[in-house]
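What follows is a short report on a single structure.
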Amino acid sequence: MRRVIDWPFFGATLVVTGLFCFELASHAHTALAWIVLVLSVIPLYATVYEVGFLFKAALFHRHWTQPLRPRRRAERSPGIAFLIASYQEPFDVAKMTFDCARDAQYGGPREIIVVDNSGDTDSEDYRRWKSYVESHDGRDPQLRVLFRYNEKKGGLKPGNVDLAQSLIAEAEYVVLLDIDSSLPLHGPLLETAVNEFECDERLGVLQFDTMATNDHFNGLTGPVTVVQSAMHVSQLIRGSGGFAIFYGHNAMWRRSVLEASGPWLDHYRGTVMLSEDLLKTVGAYANGHTSRYLDMATGEWVPSSLRSLETMYRRWAYGTFQVLFKRFHRILTTRGFTVLEKVDLVLSMVGYVTGAVFFPLSVLWFFCFPVGHAAALTWFMLLAPPLASAWLVYVRYTRRLRSPLASRLFDLYAGVFAVRTFTLLVGMRSAMNFLFGVKQGWRVTAKGFETRPSMGQALRDNTFVAAVGLVILIGCLVSWGVRTGFSAGGLLSFAPTLFIAVNLLLCVLVYGRQARSPGGTLEGTGIDGFMLRNSVLDKVPLFHGTNAKFQHNLALALEPVSYPAGATIITKGEPGHALYLVAEGEVAVSNGRQRIRSLQEGSFFGERSLFLDEPRSATVTAQTRCELFRLDKTTFMEVLRAQPKVARRVVHQAESYIRTDLQRALTGPPGHE
């Protein structure tokens, strides 16, 4: 299989960057211009590099889609240990993650080890969490469950994982899960992952693909999902010839590699290293092991407020620079990395600051170089990376959603421009804190309900971002006046920089007050619930174009039912009160005497009964053993009443669909019941 990041690609990015720099150098006539040019080289190369591999990946999809290895028949299934580190977690969220580890399909022995270091052990959530975990110990001879409280508070999450790892009994493989992560309860995820390890002795860590399953929480989670998806797609591509980073969760490790790569808890300048995931991946590579991605979906949550989003990105950026400075010599000198992996890793690590450095540099370009050159360079730096990532995110994620097209496109725009710009600035701030010796503590990303801030509080919380936006805006306007005399024709050249400032300010004004409200339900926020609404409900035309919250609530209303082969599901002439979706198996539709058609997985029947009080027009029987989802009319109407705007859309589509169905019934063979 060819790689995305290879030597021809590396050479091409150097040539393109060299051409940009040569063109700017020909117009550098002052000392300030040369200083700005030198400062621009690394951000410019990082941008060319990112855009290059994103477009190459989009054009040559097979280069980075890793094929699965042939399945081996093993005499036994090796043991898997699930490590879950928790800290003051909402019980319902923690339970979701534990249940996924407990119920995920796997034939071998399992261990679930939970280590908690909550400060308040008298809280109801902590007591319920501890009791729930311990209640599973001894229930299943194939399952060992252990709950431990970590008295050492200074170790944060890395200390919890170290303790959990020391408690593993016999498992050969280790799965790391964050609270709010989820694994599919059905399907061969774990069996496939183990097989990948069994077929490749050098494989140290296998990162699962992750999808945001809480995109229905509020208006911010949609754009943040786009940002997270773009980051994960970028990391997935980097694994094809570059450095494949471990996210810190939703991944399987070879236990021996974990033990050989040192403890999770490490320090730099007297501070706990906050990117223990990156630290462990570097250790795995340095010891001669590889990291790969498994393109099979698992679930994670994304932040539902700007405060939580800032917390997460500040921690990532700060921790990344800790690893870069502490392990830089080891990265450059160890034989465990190829040259391209080293380059890719360093560019990925400094990406937290290079992208944000572009903001002030873009203003200086207009003072140092011809306006046309500065504008062209700014447009490239601003538009090329987000447009390339938006393309891939749309192909891999957004187009699968059945929410309205306008909503999906808005989330794409808000994600790749407004929210991405916000996160770049947060990363730059953390990098500055690190370089100037300002310590940054560990604040856990909120998973519970959050108090909705006032606009004044939102502005105070995001003072740095809003101030930078205003400074860029003022600097751009001053530059426009100085260089063009406020010429209307010259304003277009300064539009990119104005665009940056406006996006920063809009992000704060539009999303600053977003928070996860108590009105939302946690049930169904695992990967199975997400796939149910986007893989099962999307088969029904009535629900196309509805929003994520409606689809989530509708998925919760589905009742799984099973029928043996030969069983009658509905009978012609009887009253109809439910819609059925075929998840597995095959059913036959007949008019009572003659078979009309067969329906298989992904089909549905009985949709007219949701809106019309009329008897069933056909009999449906199970041809094979069938797994169906049943949507009751009464429950469906309750979901509709909760969202009147969506209800009007669904009713309109139902009227159109039923009219078409009646016409088809009069002019041709009968269709759906």
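Everything numeric in this text was worked out from a predicted model, so none of it was measured.
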State whether the side chain of [X] and the backbone N or O of [Y] hold a donor-acceptor pair below 3.5 Å, judged by distance alone.
X: S603; Y: Q600; result: yes
X: E627; Y: V582; result: no
X: N218; Y: A515; result: yes
X: E89; Y: Y87; result: yes
X: T97; Y: D180; result: yes
X: S118; Y: Q88; result: yes
X: S240; Y: L236; result: no
X: S123; Y: Y126; result: yes
X: R110; Y: R102; result: yes
X: T423; Y: R420; result: yes

Pair [X] + [Y], salt bridge at N-O below 4.0 Å:
X: E172; Y: R254; answer: no
X: D209; Y: R396; answer: yes
X: D528; Y: R533; answer: no
X: D92; Y: K95; answer: no
X: D116; Y: R148; answer: no

key: Distance (rounded to the nearest 0.5 Å) between N214 CG and F530 CZ   =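 Those atoms lie 10.0 Å apart.
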Gap between atom CG of D266 and atom OG of S275 - 0.5 Å precision =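 S275 atom OG to D266 atom CG measures 12.0 Å (nearest 0.5 Å).
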query = Between A555 and G529, what is the shortest heavy-atom contact and its length?
reply =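 Between these two residues, the closest heavy atoms are CB-O, 4.5 Å.
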message = For a quick test of reading the model, state the closest non-hydrogen atom pair linking L167 to E111 and the distance between them.
response =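 Looks like O-OE1, 4.3 Å.
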Distance-only donor-acceptor check, side chains [X] and [Y], under 3.5 Å:
X: S308; Y: S305; value: yes
X: N250; Y: T298; value: yes
X: S86; Y: W129; value: yes
X: Y173; Y: E198; value: yes

query = Any side-chain heavy atom of L412 within less than 4.5 Å of one from V393?
reply =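 Of all side-chain heavy-atom pairs linking V393 with L412, at least one is under 4.5 Å.
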key: Test: K280 cationic atom under 6.0 Å from W264 six-membered ring centre, within 45° of axis   =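 Yes, a cation-pi geometry.
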task = Test F243 against Y285 for ring pair (Phe, Tyr, Trp, His ring centres under 6.0 Å), laying out the working first.
result = CA-CA 9 Å; F243 180 83; Y285 271 88; 4.6 Å; yes
Working for side chain to side chain donor-acceptor pair (under 3.5 Å), residues E300 and H232 = CA-CA 12 Å; E300 66 170 353; H232 292 332; 2.8 Å; yes
inquiry  = Check the orientation of Y132 and H136. Use parallel for under 30°, tilted for 30 to 60°, and perpendicular for over 60°.
reply    =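 Plane angle over 60°, so perpendicular.
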W301 and F217 aromatic ring geometry - parallel, tilted or perpendicular at 30°/60° bounds =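 F217 and W301: perpendicular rings.
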inquiry  = With side chain to side chain donor-acceptor pair (under 3.5 Å) as the criterion, how do D344 and Y49 come out once you've worked through the C-alpha distance, each side chain's angles and the decisive distance to 0.1 Å?
reply    = CA-CA 9 Å; D344 187 59; Y49 186 91; 2.9 Å; yes
ask   = Just wondering, are more than 12 heavy atoms of other shown residues or ligands nearer than 6.0 Å to CD in E259?
value =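 It does: E259 CD has more than 12 such atoms within range.
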